[in-house]
Structures are given as C-alpha cells and as structure tokens.
Protein chains: 2
Amino acid sequence: MTLPPPPGVGSSQRLAPAPQLAEMLMQIPWLCHVANATIERLAQQAVLHRVPAGSILFEQGEIPTFAPWLLHGAVELVGVDGDNEVMIETLQPFDLLLPAAILNRQPFLTRARALEASHLALIQADTFRDAVASDHALCLAILACEAAQFRRQVKLAKNLKLRPAEDRVGCYLLALVESHAMATTIRLPIEKRRIAGQLGMTRETLSRTLGAMANYGLRITGDTITVTDAQALRARFRLDPLIDAPEPIEPGPPLAL
Amino acid sequence: MTLPPPPGVGSSQRLAPAPQLAEMLMQIPWLCHVANATIERLAQQAVLHRVPAGSILFEQGEIPTFAPWLLHGAVELVGVDGDNEVMIETLQPFDLLLPAAILNRQPFLTRARALEASHLALIQADTFRDAVASDHALCLAILACEAAQFRRQVKLAKNLKLRPAEDRVGCYLLALVESHAMATTIRLPIEKRRIAGQLGMTRETLSRTLGAMANYGLRITGDTITVTDAQALRARFRLDPLIDAPEPIEPGPPLAL
DNA sequence: GCTCGGCTTTGATCCATATCAATGCGTCAG
DNA sequence: CTGACGCATTGATATGGATCAAAGCCGAGC
C-alpha cells in the first residue's frame, strides 16, 4: 500500500513518536478493558499519519499491510466502479477502518478517503493480527467494533430501502433537532454534499427536499435550520430507533475469568 | 422471544438431546480451533430447533435471549416497516444469526424467516456471551463470522448501488455458470422470487430481465439456463471479485501463544 | 381427470429520483 | 475590486424500476 503524498496542501507527516501514540490509543473508550502492555505493543510499530482533506488512504482491492485507526477527523468508504463512486459508510473517531479485511488478509472492498484533515494511527498488519490472536481482551474489543460497524451497515441499508428520499431527509433532520434538545435554530453539522451521500441521494435531490421541508415545520437557509412547527415535524416523520439511533462501539464487559 | 408454533405443517420441535448437538457444532469448519470442552459447554444448554419453511425465528426489535445458529436450511433477514419488507441478507449454514445483537444485548435489527425447512441450534444468550468472554479461541471464531457477514453486507451494498438491475442479474447468472465449469445447461438453485430478493428487485423486473438475457447468449426457460453464447455473455458482463466472490467464514489461525 | 393455489409471466402505466444544463452565490487570491 | 472556483440552487427532462392488473403455468390433492 502506497501513501501518495496528497496533492495540494502540506504533505502528510508519517513520523510521530510512538510513546504519545500509545497514550492516544489508551484514551479510546472502547479499549478500556485492554491491558496497557498490549496497547503499547500495538503502538510500538505504529506511526501517526496526518492527512489533509481529500487524501486517499487506501484503494479498493489492495491487500492491507496495516490497520488504519481513525483518531481525529472523518473518513468515508466508497465503492468504486470505473469512474463512479458510491458511499458505503462514513467513519468517525475512534473507528478502525475495515478490520475484517486486515484480520483475514483479504483485499479492501472499498476506497477510503479523508473527508477532512484527519489523524490516523497506522498499525502494522502483522502486529495487529498477532495482538488480536494473543490478547483476549483486545479480541473482544475488536469484536465489539466490528459488531457496531455491522449494525450500522444494516441500519443504512434499512434506511435506504425502507424510506423514500423525503423521509430519509426528514428523519435525519428530526434526529439532529432532537439531539439539540429541540432548539429552534441549529446548524447543519456537515456539508450538504456529504449529507446527500450519507442519505443515498444526489445533491440536487437533497436541495429540493430541503426546500420541501417547509411544509413540515422546518426552514433551511444555507446551513441554518429553523424549527417553525415542531409538532408538524413530529407528525410527519417518525424516528425508528432501529434505524435512526446511533450505533456506538460498546466496550463490553471486562474479561470473564 | 416467543417461538410461535408456525401455522400449517408439523409444529416445530424444540427438544433434542444435547450430546448430538455438540457433535453437530463440532462439524462446523470455522470452529475447528475451538476446544471441544467449550463447544460442549455451549451445547449443554442449547436446543435443536426444527422449523418449517416460512417460520419467523425472531422479530425485529426483540432483545435476544438466545443465539440462533443455522445448521441446515436457509434463513433470510428482512427489515420491516409497517407492512413492507426488504431483504437485508440471506444466511446459509453455518452462519450465526446477528451475533452483534446477542453480544451487546441490543435489539435485533431485522426479522428472521426460514426460507425452507431448517435446523437451528438455539444457545442461551448468557451462555453464549460468557463463553465468548472466557474462551479466546471462540472469540476469534465469532470475530471471523462477524467479519465475513460485514463484508457480505458491503458487497451487497456495492452490487445494489453500483450496478443497474440488468447487470446484477447478468453477473449473478455468469457467476452461477462459471461455478458449474461453464456447463451449457444448468438450473437455477433457488426460486426466482428469492433471487429477485437477493438482487434487490421485484419478481416482475427479474422476469423481464431474464427474458432480455437472450440478447447476451443466455436463454432461461422455467428454472433451466442454457448458455447459447458464452463469449457474448462474458463480453457483456464483467464479474468483479470485490462484489461477486463469495465471502466464506475463514476459521483464521489457531491461537497464538 | 379436474380444480385450486402458488408462483411466474406479460403488458400498461406511473412515479421517484437521476441526469443534464444553467444560474446563483459566497469565498479566497491576487 | 475582480475573477475564478467550489458548492448550492433551480428548472426541464429522461428513465429505471415499481406498481397494478390480468393471464398463464404447473404441481398437489381429491
């Protein structure tokens, strides 16, 4: 796997002292039950990779040589065929990128691209596999990560196949509003282009649909959302926890003895 | 979770002697590195469940009380909203059904329905969680299972979003033909209704598309496929291993010490 | 043999969403 | 100030696939 010096802005810095990397990994909530020794072992051979927005982290079809661990920023996984791309998932800290491929020495099924300037820990693939095979607590943690990612994938699929575009947008916005305690005015957290991708539609369709939200008590101008009629909004869109609830990585129980 | 006595044909039999259940589990290839003692422990509290085609194994939203393990037959996972259903995945032996939900005590995200008469091992959820938390080899095996299911999910999504209906059908058939060493005449392995579901389209669309395959060297009558022009077929449809290759559960390496 | 029910086929039509094209608008560099 | 570029909006149009409706086929049971 090559790390192309991304075009444009400052080149990526691969080198970073390992000791502080171990500390960063220890901050990860879902690694709370993993022994420090193991985390240090992972960090030993790892490097911190800082990349600007737009960088390709790996290409579809490559055999992984390291496990990329998202510490800061955002990354999207996209399926590619010729020149068209489709969004598969967007990842946030502290997700591991496609652990399934790394563990089984299988090719990555997607391309990964940084959506914003991001920091990743790159862990040697062999080191990673050995650690998972020799440390039970780590194995449980990775299982939890993989489980969360699977469930997110299922939720995405349900959202996409079960709801028309307008409902997807409405539920997305309603969830956003509710997470802000129904404040009457809030901001879109990310670019519209990315929202459209996550909701599986084109920017044009999103744009039109946002306009149509006025009928349901929501006005969107630029990146500002104003709730004009919370009741109408709730009447029109019903959140389904089996689709709309976030799917955090659960650390799970400590090792049973 | 209730197990409704399925309407129609003979009622499901839940009781089966545990000893032979342990033996059945030991046959599972991807458990090859798990100690027999652990498997026996799992089988101890488990029951063998035989269900006729059409049975609902569990309902979307239920909190799992046991881990259903498919030993024989076929099961589909479907997302439900009101009265319409969408196919999420179809499982084959020896898949575990939604291990993510069981491990994290989270609700099932889908309904599960037997597509044909099937046998499942039902393992007490607590027993299952304890075993995974106390046996590292088992934990690795479940991780491999979950990883395979994640990758299948990504492949499904790519197939659906990257290819139009005709391509999906063509690639499905081409893969089928190739797996039979390009024999000139083979049979559809499952009902068309189910193929349509797996490929994310209606039966009507599948029917029409199968007709259109005549243009590309393939004639389908009933459930019989005849290859009339292998070259034309290959010229029209290109298999992509990152979409069309099956995703078996890899047992992975034995425990590192 | 006949009839019934499930699956499939075929045809006509509809509709949600993509696509294409043009314009607008805000921001940053010079 | 002035381009110019990236993103967003708006409108017109196209189209893939769904939906609705009506036969057709075929195996199972009587």
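Sequence lines set the chain letters: A, B, ... in the order given, protein chains first and strands last, and positions in each chain run from 1.
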Considering only NZ, NE, NH1 and NH2 on the basic side and carboxylate oxygens on the acidic side, decide whether A:Arg163 and A:Asp244 come within less than 4.0 Å.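 Answer for the salt bridge query: yes.
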
Ionic contact status for A:Arg113 with A:Glu85, cut-off 4.0 Å: yes

Quick one: [X] [atom1] to [N] [atom2], roughly how many Å, whole number?
{"X": "B:Ile220", "N": "D:dC25", "atom1": "CD1", "atom2": "C1'", "answer": "18 Å"}
{"X": "B:Leu160", "N": "C:dA18", "atom1": "CG", "atom2": "C1'", "answer": "15 Å"}
{"X": "B:Leu210", "N": "C:dT10", "atom1": "CG", "atom2": "P", "answer": "10 Å"}

Just the table, please: protein N/O against nucleotides 17-20 of chain D N/O, every pair under 3.5 Å.
residue, atom, partner, partner atom, Å
D:dG17, OP1, B:Ala165, N, 2.9
D:dG17, OP2, B:Ala165, N, 3.3
D:dA18, OP2, B:Thr202, N, 3.4
D:dA18, OP2, B:Thr202, OG1, 3.1
D:dA18, OP2, B:Thr205, OG1, 2.5
D:dT19, O4, B:Arg208, NH2, 3.0
D:dC20, N4, B:Glu204, OE2, 3.3

When you check the side-chain N and O atoms of [X] and [Y], is any donor under 3.5 Å from an acceptor?
{"X": "B:Gln60", "Y": "A:Lys158", "result": "yes"}
{"X": "A:Thr202", "Y": "A:Thr205", "result": "yes"}
{"X": "B:Glu247", "Y": "A:Gln106", "result": "yes"}

Quick one: does A:Leu91's side chain get under 4.5 Å of A:Leu97's, heavy atoms only?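 When only atoms from C-beta onward are counted, A:Leu97 and A:Leu91 do touch, with a gap below 4.5 Å.
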
Relative to the ring of A:His119, is the ring of A:His72 parallel (under 30°), tilted (30 to 60°) or perpendicular (over 60°)?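 The arrangement is tilted - the two ring planes meet at 30° to 60°.
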
Could I get a table of every N or O pair under 3.5 Å where one atom is in the protein and the other is in nucleotides 4-8 of chain D?
residue, atom, partner, partner atom, Å
D:dA8, OP1, A:Lys192, N, 3.2

With A:Ile28, which of A:Ile249, A:Asp95, A:Leu71 fulfils side chain to side chain contact (heavy atoms under 4.5 Å, CB included)? A:Leu71

